[in-house]
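Comments concern the structure below.
Every chain is numbered from 1, with letters handed out A, B, ... down the list of sequences.
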Number of protein chains: 2
Amino acid sequence: MENIKLKLARVEKGMSQQNLADLVGATRQTIGLIEKGKYNPSLNLCVKIAKTLDRTLNDLFWYEDKK
Amino acid sequence: MENIKLKLARVEKGMSQQNLADLVGATRQTIGLIEKGKYNPSLNLCVKIAKTLDRTLNDLFWYEDKK
DNA sequence: GCTATATGCAATATATATTTTACATATAAT
DNA sequence: ATTATATGTAAAATATATATTGCATATAGC
């Protein structure tokens, strides 16, 4: 499923996928695929993304109803 | 650095590394290395571990002072 | 002493995240 | 019409997470 929380947080910051990718040291493809829910990113990357967007892991990657 | 929060949460549940590994579908080596801070685990594995230990991502994998 | 459990460590193999490169479409501005 | 930005997608290459197997030590109980 798509990671809508990540996409929203990025857009709220006025960043493009490329902007975020540059800041966290990844590629825009990686960011795009994470937002699309087609990647299972590493913890380190998740942490970098969260810090860059001034959010926490829970804010962006935690879903209460997840099995 | 070691992930002391994960280790504590596991021990508090009375689980061995092997127990936790079985419950999340990983090996005890993987759990041990994550606790030792020598692995950069995938988000999915982090989520499974957190759910199994009745914690959240932030509880086990988020450090406020992390860069 | 012996056995079982828990953990650490290392080498090799496998699965998969991520990069690289490329091409595509849509939109906005000039 | 053209240029630039933003995004989606895909194939191949590379990096790395994870599994597998094996051996080691320490501890607790019998």
Side-chain angles (χ1 to χ4, degrees):
Chain A
M1 55 302 178
E2 293 208 13
N3 188 333
I4 191 64
K5 298 200 278 189
L6 169 55
K7 186 165 192 171
L8 279 177
R10 173 178 62 80
V11 173
E12 282 179 14
K13 283 276 178 181
M15 292 185 193
S16 67
Q17 291 181 347
Q18 184 70 66
N19 290 336
L20 178 56
D22 292 342
L23 289 171
V24 302
T27 64
R28 75 172 179 83
Q29 283 81 352
T30 295
I31 301 299
L33 289 169
I34 293 172
E35 287 186 358
K36 282 284 177 186
K38 299 193 172 181
Y39 265 175
N40 175 24
S42 68
L43 176 62
N44 283 350
L45 182 52
C46 292
V47 168
K48 285 183 192 169
I49 291 173
K51 293 279 181 185
T52 299
L53 296 178
D54 293 315
R55 303 295 161 88
T56 69
L57 284 175
N58 282 3
D59 289 338
L60 302 183
F61 302 104
W62 185 253
Y63 292 86
E64 273 306 328
D65 55 329
K66 186 181 282 184
K67 181 65 158 305
Chain B
M1 54 300 177
E2 293 206 13
N3 189 331
I4 191 64
K5 297 199 281 189
L6 169 55
K7 186 165 190 170
L8 279 177
R10 173 178 61 81
V11 173
E12 281 179 15
K13 282 278 180 181
M15 291 186 194
S16 67
Q17 292 180 348
Q18 184 70 66
N19 289 337
L20 177 57
D22 291 342
L23 288 171
V24 302
T27 63
R28 75 172 179 84
Q29 281 81 354
T30 295
I31 301 299
L33 289 169
I34 293 173
E35 288 186 357
K36 281 283 177 187
K38 300 194 172 180
Y39 265 175
N40 176 23
S42 68
L43 176 62
N44 283 350
L45 182 52
C46 292
V47 169
K48 284 183 193 170
I49 291 172
K51 292 279 181 185
T52 300
L53 296 178
D54 293 313
R55 304 296 160 87
T56 70
L57 284 176
N58 283 3
D59 289 337
L60 302 184
F61 301 104
W62 184 252
Y63 291 86
E64 273 306 328
D65 53 330
K66 186 179 283 186
K67 182 64 157 307

Can you name the side chain to side chain donor-acceptor pair (under 3.5 Å) partners of B/Glu35, sequence neighbours left out? B/Arg10, B/Gln17
Non-neighbouring partners of A/Asp22 that pass side-chain contact (heavy atoms from CB on, under 4.5 Å), sequence neighbours left out: A/Gln18
Excluding sequence neighbours, so at least two apart, what forms side chain to side chain donor-acceptor pair (under 3.5 Å) with B/Thr30? B/Thr27
For the atom pair OG1 (A/Thr56) and CG (A/Asp59), what is the distance rounded to the nearest 0.5 Å? 3.0 Å
Residues forming a side chain to side chain donor-acceptor pair (under 3.5 Å) with B/Glu12, sequence neighbours excluded: B/Arg55
How large an angle, rounded to 10°, do the end axes of the helix from C/dG1-D/dC30 to C/dT30-D/dA1 enclose when each is built from five base pairs? 40°
Would you please name every residue forming a side-chain contact (heavy atoms from CB on, under 4.5 Å) with B/Lys48, sequence neighbours left out? B/Val24
Looking at residues at least two apart in the chain, or sitting in another chain, which of them share a side-chain contact (heavy atoms from CB on, under 4.5 Å) with A/Leu33? A/Lys38, A/Tyr39
Donor-acceptor pair, B/Lys51 side chain versus A/Glu64 backbone, under 3.5 Å? yes
Identify the pairs formed between an N or O of the protein and an N or O of nucleotides 2-5 of chain C at a distance under 3.5 Å, and give each distance.
none

Could you work out, with side chain to side chain donor-acceptor pair (under 3.5 Å) as the rule, every residue matching A/Asn40, not counting sequence neighbours? B/Ser42, B/Asn44
Show each protein N/O and nucleotides 12-20 of chain C N/O combination with a separation under 3.5 Å, one pair to a line.
unit_1	atom_1	unit_2	atom_2	d
C/dT18	OP1	A/Ser42	N	3.1
C/dT18	OP1	A/Ser42	OG	3.2
C/dT19	OP1	A/Gly25	O	3.4
C/dT19	OP2	A/Thr27	N	3.2
C/dT19	OP2	A/Thr27	OG1	2.9
C/dT19	OP2	A/Thr30	OG1	2.3

Measure the CG-CH2 distance between A/Leu43 and B/Trp62 for me, rounded to the nearest 0.5 Å. 9.5 Å
